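Reviewing the structure listed below.
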Amino acid sequence: MKVLVINCGSSSLKYQLVNPESGEVFAKGLCERIGIEGSKLEYEVVAKDFEKKLEVPMPTHKEALELVISHLTDKEIGVIASVNEVDAIGHRVVHGGEEFAKSVLLNEEVLKAIEANNDLAPLHNPANLMGIRTCMELMPGKKNVGVFDTAFHQTMPAEAFMYALPYEDYKELKVRKYGFHGTSHLFVSETMREIMGNPAHSKIIVCHLGNGASISAVKDGKSIDTSMGLTPLQGLMMGTRCGDIDPAAVLFVKNKRNLTDEEMDARMNKKSGILGLFGKSSDCRDLEMAATAGDERAVLAEKVFIYKIKSYIGAYAAAMGGVDAICFTGGIGENSANVREKTLEGLEFLGVELDKEINSVRKKGNVKLSTENSKVLVYKIPTNEELVIARDTYKLAK
Ligand code: AMP
């Protein structure tokens, strides 16, 4: 069985050809700057450690996908003889609204239902749908499956997902917390449960810290709360997103600075977060280097970033009545010993004891970072959203 996993953005297409049973990745890569000058393809054959980068015009996602298929089936550097070997295609879909609490086999009716959520994710869902339609056109007859970023969080109780706005805003406009990164929170919490020996009861906090960052409370395998909201702007401070702020600050800044809605939206989504406070970069590595060198704004940005994560850990421990395990994932969560250590500093009252030495050594795979005496397990667990998409696709398409 070979599943092609596709993640389409408005100008990008990420792909992986995966064996959903073994998890083996045959080939993977990325098309960037689709429809923009300087489009690039990256193609990697994992087993052979072969990598190719190519600058080639890709006016639309169709040309991008054609290029991906021609590489996958290339006589010399390909990994399959023809697309007949692709058994099914799994697609990341950002917003499934309240309709999709699980992955789904895609057909015209389902695509219309996804389209109905476009308003909720105007940047992402149309791009995801374009990817799906392009696959249907270029590889007719294949089964396509949609895997939603929001699905895992559909188990949240009303007290966690409702905003205290007038009720009709929920009823008529579907304004509520949905949460994102669900595929990652599912993968990491399930991996943690397996490590714990699949107990009937478990209280797990997953910190997905990357350019986008979110945190979730997973009780007995179900998401009961998460930090992102109606959109991925709520919650933690991120690379370029502000996360939680007083909603009144939005109108205040917009009016004082005489900004349009679009400009204010860009200010909060693209110019805030680490970039906004630090001022020089949105990248955590740059931030850490500058903070170590004594840059005051870097030190401030790092403190705010960490304080937010710590606050959410406290809130979610309270929401679950305790915590058995805290997991770190995402580019920052998996790689920054500094962020992990500072986040857990002061959480000894919860029973957290970090082994600072193990935490500071870079090791691949799942790593236990807590001491033997720690009441709370602390783990680094590399996320694998593509594998979840491949497995769900396999289950629904076989
Ligand atoms: P992601 O969005 O999950 O790819 O994560 C990207 C973020 O991970 C960026 O802010 C990177 O700076 C950060 N990152 C990657 N490697 C490291 C590292 N060794 N130390 C600190 N941050 C890292």
Side-chain angles (χ1 to χ4, degrees), residues 5 7 9-16 25 28-30 32 42 44 92 94 123-124 149 179-189 191 206-216 226-228 232-233 235-243 269-293 295 297-306 308-309 327-345 354 356 358-367 369 379-389:
V5 176
N7 179 357
S10 54
S11 64
S12 67
L13 186 158
K14 274 194 214 156
Y15 63 94
Q16 268 196 19
V25 178
K28 64 178 179 180
L30 168 71
E32 275 179 301
E42 282 177 29
E44 184 186 342
R92 175 185 183 218
V94 167
L123 295 179
H124 294 99
D149 258 26
F180 298 86
H181 288 148
T183 318
S184 175
H185 288 289
L186 167 70
F187 178 83
V188 173
S189 58
T191 305
V206 178
C207 308
H208 178 117
L209 310 175
N211 258 327
S214 69
I215 182 162
S216 66
T226 191
S227 58
M228 282 178 170
L233 186 56
L236 300 175
M237 170 176 153
M238 308 178 213
T240 61
R241 289 175 231 162
C242 58
N269 272 294
K270 300 194 175 132
K271 297 181 182 165
S272 297
I274 293 177
L275 177 64
L277 287 185
F278 171 32
K280 293 186 183 131
S281 165
S282 63
D283 192 288
C284 185
R285 281 165 293 199
D286 298 339
L287 177 76
E288 287 185 342
M289 261 192 295
T292 309
D295 180 308
R297 280 182 51 184
V299 172
L300 170 71
E302 189 185 272
K303 279 189 177 162
V304 179
F305 182 71
I306 283 161
K308 287 299 297 184
I309 307 168
C327 310
F328 289 92
T329 196
I332 300 170
E334 289 167 34
N335 295 302
S336 174
N338 167 59
V339 166
R340 291 191 302 249
E341 182 177 330
K342 288 183 178 152
T343 296
L344 298 177
E345 232 165 51
L354 181 74
K356 290 187 184 171
I358 295 180
N359 181 53
S360 65
V361 178
R362 191 176 282 256
K363 244 170 98 184
K364 279 195 168 171
N366 304 332
V367 182
L369 305 171
Y379 265 79
K380 174 203 87 152
I381 298 180
T383 196
N384 194 343
E385 292 161 275
E386 288 79 10
L387 185 59
V388 176
I389 297 176

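Bear in mind the structure is a predicted one, so any value in this text is a computation, not a measurement. Values below: all heavy atoms of this structure, side chains included; hydrogens, waters and symmetry mates excluded. Along the sequence shown, residues are numbered consecutively beginning with 1. Just follow the structure's listing: the first ligand is 1, and inside any ligand the first atom is 1.
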**Request:** Side-chain contact test, heavy atoms from C-beta onward, threshold under 4.5 Å: evaluate it for R92 versus V94 and give yes or no.
**Result:** yes
**Asked** Taking N or O atoms only and a 3.5 Å limit, does G331 qualify as a polar contact for ligand 1?
**Response** yes
**Message:** Would you say H208 and T329 are linked by a side-chain donor-acceptor pair, where the criterion is simply a distance under 3.5 Å?
**Reply:** no
**atom 12 (O) of ligand 1 - nearest protein heavy atom and its distance** = D283 OD1, 2.4 Å
**Prompt:** Are a donor atom and an acceptor atom from the side chains of N7 and E385 found within less than 3.5 Å of each other?
**Reply:** no
**Request:** Just need the protein heavy atom nearest to atom 10 (O) of ligand 1, so name the residue and atom and give the distance.
**Result:** C284 N, 3.0 Å
**Request:** Decide whether S214 and H185 meet the rule of one side-chain donor and one side-chain acceptor closer than 3.5 Å.
**Result:** yes
**Prompt:** Taking the side chain as C-beta and beyond, is there a heavy-atom pair between F187 and L387 under 4.5 Å?
**Reply:** yes
**Which residue and heavy atom of the protein sit nearest atom 20 (N) of ligand 1, plus the separation** = R285 CG, 3.7 Å
**Message:** Quick check on contacts: which atoms of ligand 1 are under 4.0 angstrom from a heavy atom of S336?
**Reply:** 21 (C)
**Asked** Does a donor on one side chain sit under 3.5 Å from an acceptor on the other, for E32 and S12?
**Response** no
**Request:** Would you mind running through ligand 1 and noting each atom that sits below 4.0 Å from a heavy atom of E288?
**Result:** 20 (N), 21 (C)
**Carboxylate-amine/guanidinium contact R297 D295, below 4.0 Å** = no
**Item:** Nearest neighbour in protein (non-hydrogen) for atom 18 (C) of ligand 1
**Value:** N335 CB, 3.4 Å
**Message:** With heavy-atom distances below 4.0 Å as the criterion, list the atoms of ligand 1 near N211.
**Reply:** 1 (P), 2 (O), 5 (O), 6 (C)
**Prompt:** To which protein heavy atom is atom 13 (C) of ligand 1 closest, and what is the distance rounded to 0.1 Å?
**Reply:** I332 CG1, 3.5 Å
**Message:** For a 4.5 angstrom cut-off between non-hydrogen side-chain atoms, does C242 reach L233?
**Reply:** yes
**Item:** Under 4.0 Å to a heavy atom of G210 - the qualifying atoms of ligand 1, by number
**Value:** 1 (P), 2 (O), 3 (O), 5 (O)
**Side chain, backbone, both or neither: R362 near ligand 1, heavy atoms under 4.0 Å** = side chain
